[in-house]
Amino acid sequence: SDTKIVSRHPIYQQNVPIIMGILNVTPDSFSDGSKFNQRDKAIAHAEQMLVDGADIIDIGGESTRPGAAEVSVNQELDRVIPIIEKVKSLGAKISIDTSKPEVMLAAAKAGADMLNDVRALSMPGALDAAVASQLPVCLMHMQGMPQTMQKNPNYSQVVSEVLAYLKQRVDCCVKAGLARALLSVDPGFGFGKTLQHNLQLLQHLNQFKQLGLPVLAGLSRKSMLGQITGREVDDRLAGSLAVALIAMQNGAAILRVHDVKQTLDVKKIFLALQSVSK
Ligand SMILES: Nc1nc2[nH]c(SCC(=O)O)nc2c(=O)[nH]1
């Protein structure tokens, strides 16, 4: 295959899977209490994930769940910037989960180490902002938009279509001035995909290595796991760990997860087997 291994930005840590701990700072995530004790809870959660072994903390101020309402720039800035500043002071590596150029630039100024865009820099001004920041960026595939993406996801060949989209976005970023070494790609589990589409993408996750870039997998507690196990979102640890291992075995370089402590154990088991000769 035409795998072009490129030199990679240090944040991608070469050949050991990276654990990205999820820190949602949307109102429903730390629902009770005032904005300030919600912030304290977010920082405590970030601290715990760092203790538990997270390599990067992914901070997001816009819920991109199916049907989620849109968030204004100022609302999103107000949610994420104070948290980035505090988490940075803990010495953590931070990725900012946003599609808005203003949030990307402000987050970079506040100390973010990576951009994570579920819209693959497709919003107006986003690509220019990413180039200006010169930060590593994860490009994710989404079919449609959060409000409508799960209505009727349809592909003729989901794996090749998602791969082609990501290849096109990578080429566009490189042409705009982002070195390939900064880029990572993500098939976007649950973003405009049926269960079958998600399973196809997971089964053939290796295909995405053709781009020669780190592959990020975001499977943790997602509804695809609920569809298979019948478990509610707070009861999907076993399902999340199962797919985390499968994703690692299928080449995922970054795992975006809620349950950092448990996923670290899965990573250690995976690496122990890697070191044994076949
Ligand atoms: N790169 C990347 N970023 C994400 N942000 C979310 S938010 C929805 C949820 O966590 O359920 N998912 C993902 C994902 O899969 N990949």
Side-chain angles (χ1 to χ4, degrees), residues 11-12 17-29 45 49 54-71 76 79-80 94-100 103-104 107 112-123 126 130 135-147 149-150 153 162 165-166 169-170 173 182-193 195 197-198 201-202 205 208 213-227 231-234 236-237 239-240 243-244 246-247 252-260 263:
I11 202 161
Y12 295 130
I18 297 168
I19 296 177
M20 176 184 271
I22 298 169
L23 189 66
N24 278 327
V25 284
T26 50
D28 57 326
S29 42
H45 188 49
M49 289 195 286
D55 299 295
I56 304 177
I57 304 291
D58 188 47
I59 298 174
E62 176 205 8
S63 172
T64 48
R65 294 202 186 305
E70 302 211 340
V71 179
E76 198 171 326
R79 288 175 186 173
V80 301
I94 295 168
S95 64
I96 174 75
D97 187 339
T98 188
S99 299
K100 298 186 178 70
V103 178
M104 291 174 187
D113 303 280
M114 176 174 172
L115 306 176
N116 174 24
D117 185 4
V118 298
R119 295 177 180 83
L121 301 178
S122 60
M123 298 298 274
L135 286 179
V137 53
C138 178
L139 303 167
M140 195 197 83
H141 172 273
M142 178 189 318
Q143 185 180 73
M145 48 197 250
Q147 289 75 11
M149 65 189 175
Q150 288 309 113
V162 172
Y165 172 83
L166 291 172
R169 293 310 296 157
V170 165
C173 288
L182 291 174
L183 304 179
S184 52
V185 292
D186 180 340
F189 291 102
F191 287 88
K193 281 96 177 177
L195 174 59
H197 296 142
N198 287 318
L201 288 166
L202 181 54
L205 196 63
F208 292 89
L213 299 174
V215 175
L216 191 152
L219 292 147
S220 180
R221 299 188 187 171
K222 285 198 171 171
S223 54
M224 63 184 276
L225 305 176
Q227 286 171 283
R231 303 293 190 192
E232 294 305 313
V233 63
D234 293 336
R236 291 176 188 160
L237 174 58
S240 298
V243 290
I246 293 168
I254 307 168
L255 294 166
R256 182 178 176 278
V257 302
H258 299 87
D259 306 291
V260 171
T263 307

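Sequential numbering from 1 along the given sequence is applied to the chain's residues. Every number for a ligand or one of its atoms is a count from 1 in the order of the listing. Since this is a predicted model, take the numbers as computed values, not measurements.
- When each of Leu115, Leu121, Val118 is checked for a side-chain contact (heavy atoms from CB on, under 4.5 Å) with Leu139, only Leu121 meets the rule.
- Of all heavy-atom pairs spanning Leu183 and Pro214, the tightest one is O-CD, 3.4 Å.
- If you take CG on Asp58 and CE on Met114, they are separated by 7.5 Å, rounding to the nearest 0.5 Å.
- Side-chain atoms of Glu62 and Ser99 form no donor-acceptor pair, as typed in the model, at a separation below 3.5 Å.
- Not counting sequence neighbours, the partners of Leu202 by the side chain to side chain contact (heavy atoms under 4.5 Å, CB included) test are Phe189, Leu219, Val243, Ile246, Ala247.
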N/O contact list for ligand 1, threshold under 3.5 Å:
residue	atom	partner	partner atom	Å
ligand 1	1 (N)	Asn116	OD1	2.8
ligand 1	1 (N)	Asp186	OD2	2.8
ligand 1	3 (N)	Asn116	ND2	3.1
ligand 1	5 (N)	Asp97	OD2	2.9
ligand 1	5 (N)	Arg256	NH2	3.4
ligand 1	10 (O)	Arg256	NH1	2.9
ligand 1	11 (O)	Arg65	NH1	3.1
ligand 1	12 (N)	Lys222	NZ	3.2
ligand 1	12 (N)	Arg256	NH1	3.3
ligand 1	15 (O)	Gly218	O	3.4
ligand 1	15 (O)	Lys222	NZ	2.7
ligand 1	16 (N)	Asp186	OD2	2.6

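- Side-chain contact between Val162 and His197 is absent, with no heavy-atom pair separated by less than 4.5 Å.
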